[in-house]
Asks: 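Shown below is the structure under consideration.
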Amino acid sequence: MELKLEQVAGFPKSLSEKPQHFCPGCTHGVNVRLIAEAVDALDFPKKVVGVCGMGCSALLPDYLEFDMVAAPPGLAIPVAEGLSHELGEKALILVYVGEGDLYGRGLNALIHAAIRGVPLTVLCANNLNMGMSGGHLSPTTLLGQKTATTPGGKPANPYGISTDFIRLLLTIPGVSFAARFRGFTAGEIRKGREYILRGLQIQKFQRGFAFVESLGICPTNLELPPPEAVKRVKTATRGIYPSGLFKTPEVGRIP
Amino acid sequence: MDKKRLLKGAEAIGEAALRSGCTRFYGYPVPNQSDLMEYLIREENEGRGLSVFQSEDPLSGLFMAYGATLAGARVLTAVNSIDIPDALRALSYFNAAELPLVCVVFTQSGPGSGNIYPEQSDTLALLYGARAGDGFAPLLTPSTPTTCAAATYEAFRMAETYRLPVILLVDAACAQLEETVDLSAISFRDIPKKREIIGGQQGQKRVSTTLHLDIDTMAEKKELLQNKKALFLEKETGTCLVEGEGAEILLVAYGISAVQAKRAADALVADQIPCALFQPTSLYPFPEKAFTESLESVKHLYVIDMSDGQLKSILAPYVPESLLTHHFESLGGSVPRVEDLRRWIRQTLKSS
Ligand code: SF4
């Protein structure tokens with residue numbers, strides 16, 4: 001009898017073997033691996049170009065084995081859009097940016113690229129604070145959350161109530177795909193890879209703006225051991241940053 | 001294609017960009033910039049191989065230009081005085097990533113929102129601003145539609161040859177000035193691309209980053225850039241137009257001020273007052289040798305400028321202080337009037 005072997009796990013081809021600089025337990029490491037696995041799983045040959053923003057994601061070019069551009073803070077989306085104008089169908093463009101960068105100084109560009117339905121696959125690493133800068137307030141910081149700039153916990157006045165940016169993006173017709181997963185629970189990590197892969201597959205035919213958010217933890221700035229950080233973020237974000245699939249090109253808005 | 005065309009300064013830049021192999025334009029509607037963008041959209045519709053994109057704001061446009069250039073495009077972009085800080089931010093990144101860009105800066109009256117009329121009060125901001133992080137950007141200063149076209153080709157040649165951003169400084173009057181431009185008089189030779197492209201060949205991994213956390217790596221990067229600057233300054237010595245020779249009176253001006261200074265000089269020559277005009281068409285590099293040569297017989301130097309002494313301070317390193325006493329400034333958005341210049345020069349000559 002012939003034994004048929006199928007590889008079910010291994011080191012992703014698109015992941016470099018360089019040691020990563022992320023703090024222990026950080027979700028960035030998970031996200032980078034998911035990106036690599038999703039790119040490996042593409043069932044059509046296509047050049048992939050990655051664009052990363054500033055902050056803890058800025059060293060991504062070292063970790064991924066395809067063309068990479070490190071963009072200035074707040075400007076990953078315009079850089080990716082320019083690349084997309086020039087490369088068109090020749091490449092899939094994947095953007096990886098933290099929420100401090102993307103929803104803060106990068107928000108205007110994000111909204112306009114979404115309105116234009118630019119064929120980009122954007123993965124936002126939302127860890128509720130600006131990690132690399134030293135744990136400062138970010139656009140998704142939760143009410144009462146302690147950060148370097150809100151040491152007494154984030155107050156509603158003057159910083160406002162936490163906002164789900166995916167809900168904002170869902171109002172834009174140019175967004176063809178939107179999903180969120182929690183990068184710290186096993187089941188959702190698998191879904192996360194699915195989402196990134198689908199986001200990329202949509203670009204095979206340049207079908208518009210695909211957006212995935214990975215809700216994550218920054219144990220260093222939460223000043224908690226990773227398991228504690230997971231517990232804390234899981235409870236504190238419940239109902240505020242829900243995970244799931246919200247929009248696909250086939251179905252549209254998923255109720 | 002017709003060789004002689006009636007063009008505004010802004011349009012001449014667009015036409016010359018097309019002939020210099022420019023493939024993309026990014027812009028945001030602001031005074032003068034719009035004339036350039038609208039011209040290019042008309043030409044795009046004629047199928048001349050250039051794509052125009054109007055961005056949501058100037059900063060996004062500048063960094064779309066960055067992305068497109070990384071992927072191989074030859075890009076022209078333009079901003080107005082008010083958006084110079086955005087342009088300088090982009091120039092720093094183009095410098096660091098060693099990417100070519102031609103950025104037109106249309107200048108108007110400032111500070112603040114000022115008005116849309118011409119001034120030359122952003123020149124030092126550009127000269128020094130481009131040096132952020134020890135970067136550098138050639139600064140070309142054409143004055144008429146014809147010189148705008150020639151400077152545009154020069155800008156693309158430098159940008160692509162040295163892989164750096166080049167600034168084309170054009171005041172609002174020069175942008176709107178119309179004349180018949182003989183395009184056949186400018187030689188638009190092929191400008192070869194010598195750069196790696198992101199998203200190009202299969203298989204090879206290419207990376208573009210301007211972040212170098214390691215001090216030694218950053219120091220190496222700086223050394224490369226310093227060497228490039230040295231090579232650039234060795235090969236490119238600056239350009240100028242000189243009219244009249246051996247005169248004791250020399251007028252110095254650039255941009256629209258030079259157009260007016262030329263008319264004033266012609267009027268003075270007609271008045272039997274022999275004078276010459278020195279017009280730098282690049283301020284970085286500054287045509288130092290040509291300037292010092294043209295100073296040889298000069299006893300009276302007249303600096304004509306639409307700023308609070310900015311041209312004077314640019315000239316200061318090359319001129320004995322005793323010569324640098326006459327400065328005509330026209331501020332608030334008005335161009336120096338020929339009659340005023342003529343009267344001013346005659347009066348100062350009489351009293352000296
Ligand atoms: S600072 Fe936070 S986000 Fe950055 S690597 Fe460390 S844990 Fe991750």
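Every chain is numbered from 1, with letters handed out A, B, ... down the list of sequences.
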Asks: Between A:Arg33 and A:Glu37, is there a salt bridge with N-O shorter than 4.0 Å?
Replies: yes
Asks: For the candidates A:Ile111, A:Ile93, A:Val48, A:Val69, which exhibits the highest count of non-hydrogen atom pairs separated by less than 4.5 Å from chain B?
Replies: A:Val69
Asks: Between A:Cys52, A:Pro72, A:Ala58, A:Ala71, who has the most heavy-atom pairs with chain B when the cutoff is under 4.5 Å?
Replies: A:Pro72
Asks: With only heavy atoms counted, which part of A:Leu64 is less than 4.5 Å from chain B, the side chain, the backbone, both or neither?
Replies: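 Contact with chain B: backbone only.
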Asks: Select, from B:Val207, B:Leu62, B:Leu213, the one with the greatest count of heavy-atom pairs under 4.5 Å involving chain A.
Replies: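 Option with the top pair count is B:Val207.
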Asks: Among residues 113-134 of chain A, which residues come closer than 4.5 Å to chain B, judged by heavy atom distances?
Replies: A:Arg116
Asks: Who among A:Val79, A:Leu83, A:Asp67 has the most heavy-atom pairs with chain B under 4.5 Å?
Replies: A:Asp67
Asks: Checking an interface table here. Which of residues 97-108 of chain B come within a heavy-atom distance under 4.5 Å of chain A?
Replies: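 Within residues 97-108 of chain B, near chain A: nothing under 4.5 Å.
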Asks: Are the charged groups of B:Arg74 and A:Glu86 less than 4.0 angstrom apart, N to O?
Replies: no
Asks: Check salt bridge (charged side-chain N to carboxylate O under 4.0 Å, His left out) between B:Lys222 and all other residues, then give those that pass, not counting sequence neighbours.
Replies: B:Asp134
Asks: Under 4.5 Å, heavy atom to heavy atom: which of residues 76-93 of chain B reach chain A? Give them by number, or say none.
Replies: B:Arg89, B:Tyr93
Asks: Does a salt bridge link B:Arg19 with B:Glu15, judged by any charged N lying under 4.0 Å from a carboxylate O?
Replies: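 Salt bridge between B:Arg19 and B:Glu15, a charged N being under 4.0 Å from a carboxylate O: yes.
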